[in-house]
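First comes the structure, then the notes that go with it.
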Amino acid sequence: MKFFELFGKYTLFVLSLFKRPERRKVFIKQTIHEMNSIGVGSFGIVSLISVFTGAVSTIQIGVQLIDSLVPGYILGRIVRDSNILEFSPTITCLVLAGKVGSNIASELGTMKVTEQIDALEIMGINSANYLVLPKILAGMITIPLLVTYAMALSIIGGALSGMGSELISIDDYVKGLRADFKAFSISFALIKAFTFAYLITSVSAFHGYRTEGGALEVGQSSTKAVVYSAVAVIIFDYLLSEILLSV
Amino acid sequence: MIELKNIVKKFDEKVVLDEISATFLPGKTNFIIGASGSGKSVMMKCMVGLLTPDKGQIFYDGIDFVALDYNQKKEIRKQIGMLFQGTALFDSLTVEDNVAFPLRMFTRMSEAELLERVNFCLQRVNLMNVNKLFPSNISGGMKKRVGIARAIALNPKYLFCDEPNSGLDPLTSRLIDELILEITREFNITTIINTHDMKSLFDMGENIVYIYKGKKEWEGEKSNIRNSGNEKLLEFMRASEF
């Protein structure tokens, strides 16, 4: 019952966002500011995670294929598919649920408890539209870009670790990357990234926006934002795979 | 002028405001006084539209604010300035951008005109050379003054002040009081001050509404307060003697 109540409140919150912005110029400026915060601010952590995800997946898969009758280039193909289809979009977004989600929730939560959101409302500004919509839009632009970057970097990380550990030659790795390549894999990863970006930003904003109380409640909202967005990402990861891949 | 008629506000079954009617006059400092938990803040939140009363009407110069739709309320809200207890300055913006915020949102001023208006408002509250500082870099009294500057930026007809002196030293408190009084008279604003600071009330109060446990106990001019004959109000005043 509580879930349905929460879901209803979330739906109403989302509906309240989609109104015409008060001033287009201010809205664009806000969106660019948020793109910088979400996108550029997450560049370092996404780079680190992607390189290591690619490197680790190459070693783990390579070790299992060693001495088997499977041709060497298959390792490159498995690394490509696992990173493009799953690791890059999902792991990147789970990390962003922690970093971006907690940031959004604590920022909005602090604004709520210090009456900054009330100040906007009294001025006649739709605070949800002014504060939250640019974050969602910025997330939906920058997170897919980060995921695309993560895909490329994880494949590079895989190549480096494969060659470094002598599990595969660069020629075989590249041959594997090109073997039976389906462009839909990229589309699928980007569909996931768009969906996850929306979930992370909107769920986190929802929890931040409904904070009541003080510093303790801001912390609790931040934790809830991370947990609920991560759970939403995992559930939608399954649903999208089921809908788009199992045809 | 703002008029309240039979305002009732409940939270679940608890009645927080019980049939309150009051009148707040333009060009005067109208005080809402009462003990903590008496319903002052809820009353102010109903008046500015942050809460919707369960019953009753709130008239802004004859227009029933409660009955208006969101967009119509927005037009009234543009004429409202509010000084919050905790100032509610946007901490990601500089002092200049805080004061400029309502101007950027609701006017078509050029950047030069905007800066001129911001500087006028800051000078009006005796603040200079703080434009580029962030709220975290200025004192509590300065934050209150920036809050007033932001509140008057759009030339409001109605100014709401929630506990304007809380957390300030006596000298800064007096400064803020004088500033609110001057601005009220200068721009003929309907100013409503929510406080339990009796010193402030005796220094600058004109019209007074006393709230006790969600009910209006007394309303009148400051000159009549000592002869009000209302035992609860007199008790409240005696408890606040300084």
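Note that the structure is a prediction, hence the values are computed from the model and not measured. Both backbone and side-chain heavy atoms feed into the values below; hydrogens, waters and symmetry mates do not. Throughout, protein chains are lettered first and strands after them, A, B, ... in sequence-line order, and every chain is numbered starting at 1.
More than 12 heavy atoms of other residues, nucleotides or ligands shown are found within 6.0 angstrom of CZ on B:Phe59. Counted within 6.0 Å of CZ on A:Phe4, heavy atoms from surrounding residues, nucleotides or ligands total 12 or fewer; the atom is thus considered open. In the displayed structure, B:Glu116 atom CD is contacted under 6.0 Å by at most 12 heavy atoms of other residues, nucleotides or ligands. In A:Phe7, the CZ atom is not crowded: 12 or fewer heavy atoms of neighbouring residues, nucleotides or ligands sit closer than 6.0 Å. More than 12 heavy-atom neighbours from other residues, nucleotides or ligands sit within 6.0 angstrom of CZ on A:Phe184.
Taken to the nearest 0.5 Å, the CE atom of B:Met44 stands 9.0 Å off from the CD1 atom of A:Ile122.
In this view, A:Ala189 and A:Ile84, A:Pro89, A:Met151 satisfy the side-chain contact (heavy atoms from CB on, under 4.5 Å) rule, not counting sequence neighbours.
Considering only heavy-atom pairs separated by less than 4.5 Å from chain B, the leading option among A:Ile125, A:Val26, A:Leu120, A:Ile117 is A:Ile125.
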Are there any donor-acceptor pairs closer than 3.5 angstrom between chain B and chain A, and if so, which ones?
| residue | atom | partner | partner atom | Å |
| --- | --- | --- | --- | --- |
| B:Tyr70 | OH | A:Asn126 | N | 3.4 |
| B:Lys74 | NZ | A:Glu22 | OE1 | 3.1 |
| B:Lys74 | NZ | A:Glu22 | OE2 | 3.4 |
| B:Asp91 | OD2 | A:Gln116 | NE2 | 3.2 |
| B:Arg104 | O | A:Arg23 | NH1 | 2.9 |
| B:Thr107 | O | A:Arg23 | NH1 | 2.6 |

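Of the two parts of B:Phe160, neither the backbone nor the side chain holds a non-hydrogen atom closer than 4.5 Å to a non-hydrogen atom of chain A. B:Leu154 does not touch chain A: none of its heavy atoms, backbone or side chain, sits under 4.5 Å away.
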